[in-house]
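Taking it in order: structure first as structure tokens, then the write-up.
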2 protein chains.
Amino acid sequence: MAAPATQRRRTRRPRAEREAEILEAARTVFAEQGYAAAAVAEVAARAGVVEGTVYAYFDSKRALLIAVMKQFYEELISETERGLDTVRGTENRLRFVIRHHLDTFARELGLCRLIVSEARPDVALYDEAILDLNRRYTGLALRVLEEGVRNGSLRSDLVPSVTRDLLYGGIEHAVWRSVFTGAPLDAAGLADQLSDALLGGILARPVTANGAADAAVLRLERAIERLESRMGDE
Amino acid sequence: MAAPATQRRRTRRPRAEREAEILEAARTVFAEQGYAAAAVAEVAARAGVVEGTVYAYFDSKRALLIAVMKQFYEELISETERGLDTVRGTENRLRFVIRHHLDTFARELGLCRLIVSEARPDVALYDEAILDLNRRYTGLALRVLEEGVRNGSLRSDLVPSVTRDLLYGGIEHAVWRSVFTGAPLDAAGLADQLSDALLGGILARPVTANGAADAAVLRLERAIERLESRMGDE
DNA sequence: TTTTTTTATTGAGCCTGTCTCAATAATGAG
DNA sequence: CTCATTATTGAGACAGGCTCAATAAAAAAA
């Protein structure tokens, strides 16, 4: 038989570029298949190298995963930081964080599934790196919450860390459900619903809380005016 | 050398019992090591059988996982149902669900980590079973929410499904974080904080919101009426 | 009791996938 | 052009999931 037409020639490339190529390939393969199902051999093939080469750049399959996640998180963090710089007011800032997070999930479903599913399991020692990235990212929202409590926009008895968990946990759950059921993800609508529930709470308010209270005040003011005008008449 | 002292004799046991033993062993091993790290051989050893036997009872390692989760979920569901039967009022019922869920997580951390981490990843076809269990379980809270909207205890514009995600997602996130940081889990305190934030919302309320204001308005209105009637007397 | 049938249980071994390492050849320096 | 450096390779060690023909314990039949 003739030699295979697609024979790969051995070429040397600058370390940085080859590493980037492998990382890019890993990102794709992991996102498509998940961590467990992905084979390092396939990552290698897609990067145009042989399996051994991958291990010359990354210590293990898991190290490759962490590198992929790190890259993703760094992007997410800097985007969110930039965004927060342009939005004013605690409520608006929270709505922005929720909306942006949801948009990102919708756009990069594969990667996000990876993070939700694969990052968490191994409480194994080495995931310090991932925990730290997560802390940095969710720390952005945490600071908005703390600031809100300080400046009086948020309830003074609020526990910011618990609220942050409610926020991110809620998003993840909602997204995951929509992934499972296969329903298309309506990021904008979902963001609004989540924000409304979180910000305003879910309990029905006593009627006086919204407009009714104003109405009562209005009635009082009118009554008093009536009194005043009468008394002034005398 | 002498024959090993711990040589196992081949014994036949009733199907149901052997299956239960294997399941029990799997539950322990999975909970201790997580799915990926656990070896079927170890499950077998702990159940006092050989690897092949495990496969005579369960089709695959994953089927074993699903069986373990099924058993756990069934217990959780029936406990929660029983509990809900004894608690009245939407707010109390929600607080109960949150509290009970947190208690269970605290008590069975290993298994819960398994569910959070291993169940979710594989959107792979066969997890219908798990999805269904999850639906049944979280359906309990969903029904409480829907009922609350109907009877006026909860905001009429609430989206029950989104609220359910906020509820369970928030719990999971909070627990997971405490697992990671190694902090002991204060189920009671955390349950209260989560319930408060979810029920009441996080925004600061105008002072009029809590009953005191209503009472004040009422007193004012009465006083003015008294005044008015007096003046009418003249 | 003895013989036969049934089937739970075994363990050797196949297969896929991660990871290692000595050999190889592409590149840059002298 | 030659040599030294080191990126790249590919064969294979090792681990873990899973299969299957052989085996023997229990039940049924004689």
Side-chain angles (χ1 to χ4, degrees), chain A residues 3-4 6-26 29-30 32-68 114 118 121-122 124 126-127, chain B residues 3-4 6-26 28-30 32-68 114 118 121-122 124-127:
Chain A
T6 53
Q7 189 158 19
R8 226 186 321 96
R9 287 225 9 95
R10 181 188 271 208
T11 53
R12 277 165 102 106
R13 312 219 46 210
R15 271 203 84 79
E17 288 181 29
R18 181 125 284 172
E19 187 175 323
E21 287 162 7
I22 294 175
L23 201 58
E24 166 67 21
V29 175
F30 283 156
E32 275 174 8
Q33 317 188 5
Y35 180 72
V40 174
E42 184 169 345
V43 173
R46 217 177 281 207
V49 294
V50 107
E51 210 170 341
T53 305
V54 173
Y55 285 97
Y57 286 83
F58 299 91
D59 284 347
S60 64
K61 187 185 177 186
R62 182 143 200 101
L64 199 50
L65 172 71
I66 292 179
V68 167
L114 204 63
E118 313 289 357
D122 279 88
Y126 291 154
D127 292 74
Chain B
T6 55
Q7 188 158 20
R8 224 184 328 94
R9 288 228 2 96
R10 181 189 272 208
T11 54
R12 278 166 99 103
R13 311 217 49 211
R15 271 202 83 80
E17 287 181 28
R18 180 124 285 171
E19 186 175 323
E21 286 162 8
I22 294 175
L23 201 58
E24 166 67 21
T28 311
V29 175
F30 284 156
E32 275 174 9
Q33 317 188 6
Y35 180 72
V40 174
E42 184 169 345
V43 172
R46 217 177 280 208
V49 294
V50 107
E51 208 171 342
T53 306
V54 173
Y55 285 96
Y57 285 82
F58 298 92
D59 286 346
S60 64
K61 187 185 178 187
R62 182 142 200 100
L64 200 49
L65 173 70
I66 292 179
V68 167
L114 202 66
E118 312 290 357
D122 279 87
L125 323 157
Y126 290 153
D127 291 76

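In what follows, chains are A, B, ... by sequence order, proteins preceding strands, each numbered from 1. What you see is a predicted model, and the numbers here were worked out from it, not measured in a lab.
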Is there a side-chain polar atom (N or O) of B:Arg15 under 4.0 Å from OP1 or OP2 of C:dA8?
-> yes

Closest nucleotide among C:dT10, D:dG10, D:dA7 to the A:Val50 side chain | D:dG10

Contact class for B:Ala63 (heavy atom, under 4.0 Å): base, sugar-phosphate, or nothing?
-> nothing

Approximate separation, where rounding is to 0.5 Å, of B:Thr28 OG1 and B:Glu42 CD | 10.0 Å

Send over the distance from B:Asp59 CG to D:dT19 C1', rounded to a whole Å.
-> 12 Å

Whole angstrom value for the distance that separates C1' of D:dA24 from CZ of B:Arg13 = 17 Å

Just checking, B:Arg15 and B:Tyr57: is the charged tip under 6.0 Å from the six-membered ring centre and within 45° of the axis?
-> yes

Is B:Glu19 paired with B:Arg13 through a side-chain N to carboxylate O contact shorter than 4.0 Å?
-> no

Would you mind telling me which of D:dA7, C:dT18, C:dT10 lies closest to the side-chain atoms of A:Ala39?
-> C:dT18

Atom-pair distance (CZ on A:Phe30; C1' on C:dT18), nearest Å = 12 Å

Rounded to the nearest 0.5 Å, how far apart are CG of A:Leu65 and CZ of A:Phe30?
-> 5.5 Å

Measure from CD on B:Gln33 to P on D:dG17 and round the result to the nearest Å.
-> 11 Å

Using atom OH of A:Tyr55 as one end and atom P of D:dA7 as the other, report the distance to the nearest whole Å.
-> 19 Å

A:Glu21 atom CD is separated from D:dA7 atom P, nearest whole Å, by 15 Å

If only atom types and distance count, is the side chain of A:Lys61 paired as donor or acceptor with the main-chain N or O of A:Ala39 below 3.5 Å?
-> no

In whole angstroms, how far is the C1' atom of C:dA8 from the CZ atom of B:Phe58?
-> 15 Å

Residue whose closest nucleotide on DNA chain D lies nearer the 5' end, B:Arg12 versus B:Glu51 | B:Glu51

Classify the nucleic acid contact of A:Ala44 as base, sugar-phosphate or nothing, counting any heavy atom under 4.0 Å across all strands shown.
-> nothing

Among D:dT8, C:dG11, D:dG17, find the nucleotide with the atom closest to the side chain of B:Lys61.
-> D:dG17

Rounded to whole angstrom units, what separation is found between the CG atom of A:Leu64 and the P atom of C:dC19?
-> 10 Å

Check every atom of D:dT8, D:dT9, C:dT18 against the side chain of A:Arg18 and return the nucleotide holding the closest atom.
-> D:dT8

Under-4.0 Å side-chain N/O to phosphate OP1/OP2 contact, B:Thr11 with D:dA25 | no

Which nucleotide in the set C:dT18, D:dT9, D:dT19 lies at the smallest distance from any side-chain heavy atom of A:Val40?
-> C:dT18

